[in-house]
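The figures here come from the full heavy-atom set of this structure, side chains too, leaving out hydrogens, waters and symmetry mates. Each chain gets a letter, A, B and so on, in the order its sequence line appears, and its residues count up from 1.
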2 protein chains.
Amino acid sequence: MAKYKNNMNKFIEIAKAIADESRVRILSMLNGHELCVCQIVEVLGLAPSTVSKHLSILRHAGLVEGRKEGRWIYYRISNRSSDIEAQKALAWVHESLARDGQTQEDLRRLKAVLKIGKEMLCAQVVQE
Amino acid sequence: MAKYKNNMNKFIEIAKAIADESRVRILSMLNGHELCVCQIVEVLGLAPSTVSKHLSILRHAGLVEGRKEGRWIYYRISNRSSDIEAQKALAWVHESLARDGQTQEDLRRLKAVLKIGKEMLCAQVVQE
DNA sequence: TTTATATTTCGCCATATAGCTAATGCATCG
DNA sequence: CGATGCATTAGCTATATGGCGAAATATAAA
């Protein structure tokens, strides 16, 4: 086994992934919820293509995982405990932003989206 | 006191600061050493102005502190324990990169720079 | 098979970022 | 004072990044 590891690239990839407000808002929303892309789009108010790209970056960094079910893809926080770096980053994000104002507002909007979601799913604009 | 804090901007600023290879290399070098800009320049092989800008970003994020002494400015890791976010970030960087190959090589070069530094300080190119 | 819907990929644009050189600040030394 | 030297700031360039809309993909529904 090599004496020194090559942690740099992995570290930078994760750090870049969490160095964007939209992406940490996604991570905060996914903390405790499994969500499809359209639900995240509703809360963030960004174009689906933009959210999809953000999710791709988060997934590649090992921070989230996707699960396909029918037409939808459900994303959740990655819990592969073997990926220590990703888990540390996730812990830092959640600890730091749990009580942040933006995070709280997103969670409030998310609850509304989840409520209407039971009947009519995506392509539905949440009021207020 | 407000119910919710505004951690987002501070968090993003710190995350962006550590999402760059040159800057985390600087943080690793400063871990345990107090260094002047010219010493960091020697090890990184970047232009002084570039290193200065990086240090400015790190300082503004609360990750390093500068101390002026004559013509030199010595930088060190910030130890203001009140800044929890910065301290968490520093801990993450140091834990993750302590055994990284690039970090080890930088430390090796730094030792050489520190050795010659005793007699003739900056404006001195370290061999090899 | 055709239509509809969810997501991704592609192509584009505006801004941000990291690097450089040159110029400026500022302190020391002759 | 003037010259020297460390660090920063200013100005520039090339690349990276985040946003969008349009087109492509894939699955469900009609």
Side-chain angles (χ1 to χ4, degrees), chain A residues 8-9 12-27 30 34-61 64-76 113 116-117 119-125, chain B residues 8-9 12-27 30 34-61 64-76 113 116-117 119-125:
Chain A
M8 185 66 80
N9 293 345
I12 296 296
E13 183 179 21
I14 293 178
K16 280 184 187 293
I18 64 173
D20 176 87
E21 177 162 342
S22 296
R23 288 195 288 270
V24 292
R25 286 173 69 191
I26 292 175
L27 289 179
L30 289 178
E34 189 182 55
L35 303 173
C36 66
V37 180
C38 59
Q39 292 172 314
I40 299 171
V41 164
E42 272 308 312
V43 174
L44 293 186
L46 294 174
S49 61
T50 303
V51 172
S52 179
K53 196 193 285 183
H54 282 314
L55 285 166
S56 168
I57 291 170
L58 291 171
R59 181 158 36 81
H60 200 262
V64 305
E65 293 170 340
R67 176 178 65 87
K68 194 163 191 173
E69 186 175 316
R71 257 178 300 186
W72 294 275
I73 299 182
Y74 287 95
Y75 283 92
R76 61 175 180 277
V113 169
I116 68 155
E119 302 89 51
M120 16 183 171
L121 258 121
C122 303
Q124 193 71 19
V125 178
Chain B
M8 185 66 80
N9 292 345
I12 296 297
E13 183 179 21
I14 294 177
K16 281 184 188 293
I18 63 174
D20 176 87
E21 177 163 341
S22 296
R23 288 196 288 269
V24 291
R25 286 174 68 191
I26 292 175
L27 290 179
L30 289 178
E34 189 183 54
L35 303 173
C36 66
V37 180
C38 58
Q39 293 171 315
I40 300 171
V41 164
E42 271 309 310
V43 175
L44 293 187
L46 294 175
S49 62
T50 303
V51 172
S52 180
K53 197 193 285 184
H54 282 314
L55 285 166
S56 169
I57 290 170
L58 291 171
R59 181 159 35 80
H60 200 261
V64 306
E65 293 171 340
R67 176 177 66 85
K68 196 163 191 172
E69 186 176 317
R71 257 178 299 187
W72 293 275
I73 299 182
Y74 288 94
Y75 282 92
R76 62 174 181 277
V113 169
I116 68 155
E119 303 88 53
M120 16 182 172
L121 258 120
C122 303
Q124 193 71 20
V125 178

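Closest non-hydrogen pair, A:Leu58 versus A:Ile26, comes out as CD1-CG2, 3.9 Å. Smallest separation of non-hydrogen atoms from B:Tyr74 and B:Cys36: CD2-N, 3.7 Å. Across all non-hydrogen atoms, the minimal contact from B:Ser22 to B:His54 is CB-NE2, 3.7 Å. Between B:Val113 and B:Ile116 the shortest heavy-atom distance is O-CG1, 3.3 Å. Of all heavy-atom pairs between B:Ile73 and B:Gly66, the closest is CG2-CA, 4.4 Å. Contact between B:Pro48 and B:Val41 at its shortest, heavy atoms only, is CA-CG2, 3.7 Å.
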Can you name the atoms? Protein N/O to nucleotides 20-23 of chain C N/O, anything below 3.5 Å, with the distance.
| unit_1 | atom_1 | unit_2 | atom_2 | d |
| --- | --- | --- | --- | --- |
| C:dC20 | OP2 | B:Ala47 | N | 2.9 |
| C:dC20 | OP2 | B:Thr50 | OG1 | 2.6 |
| C:dT21 | O4 | B:Ser49 | OG | 2.6 |

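In this structure, A:Tyr75 does not reach the C:dA6 phosphate: none of its side-chain N or O atoms is under 4.0 Å from OP1 or OP2.
Atom OH in A:Tyr74 sits roughly 13 Å away from atom C1' in C:dT7 (whole-Å rounding). Nucleotide C:dA18 holds its C1' atom 13 Å from the CG atom of B:Leu44, rounded to whole Å. Rounded to whole angstrom, the span from the NZ atom of B:Lys16 across to the C1' atom of D:dA16 amounts to 11 Å. If you take CG of A:Asp20 and C1' of D:dT17, they are 9 Å apart, rounded to a whole angstrom. Straight-line distance from the CD atom of B:Glu42 to the P atom of D:dA7: 11 Å, rounded to whole Å. Summarising the geometry, the separation between CD1 on B:Ile73 and P on D:dT9 is reported as 9 Å, rounded to the nearest angstrom. In this structure, the NE2 atom of A:His60 is 13 Å from the P atom of D:dT17, given to the nearest Å. Atom CZ of A:Arg23 and atom P of D:dA16 are 15 Å apart (whole Å).
Residues B:Met8 and A:Val24 form a side-chain contact, since some pair of their non-hydrogen atoms from C-beta on lies under 4.5 Å apart. Side-chain contact between B:Leu30 and B:Arg76 is absent, with no heavy atoms from C-beta onward closer than 4.5 Å. Side chains of B:Leu55 and B:Ile40 form a contact here, defined as non-hydrogen atoms less than 4.5 Å apart.
Where the helix from C:dT1-D:dA30 to C:dG30-D:dC1 starts and where it ends, the local axes point in directions that differ by 10°; five pairs per end, rounded to 10°.
The residue A:Ser22 sits close only to the backbone: its heavy atoms come under 4.0 Å of sugar-phosphate atoms, none of a base.
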One character per nucleotide, please: for nucleotides 25-30 of chain D, 5' to 3', B when the base has a protein heavy atom closer than 4.0 Å, S when only the sugar-phosphate does, - otherwise. -SBSS-

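One finds a salt bridge joining A:Arg67 and A:Glu69 here, because a Lys/Arg side-chain nitrogen approaches an Asp/Glu carboxylate oxygen to under 4.0 Å.
Taking for each of A:Ala19 and B:Arg59 the nucleotide of DNA chain D with the nearest heavy atom, the 5'-most of the two is the partner of B:Arg59.
For the atom pair CZ (A:Arg59) and CD1 (A:Ile57), the distance works out to 10.5 Å, reported to the nearest 0.5 Å.
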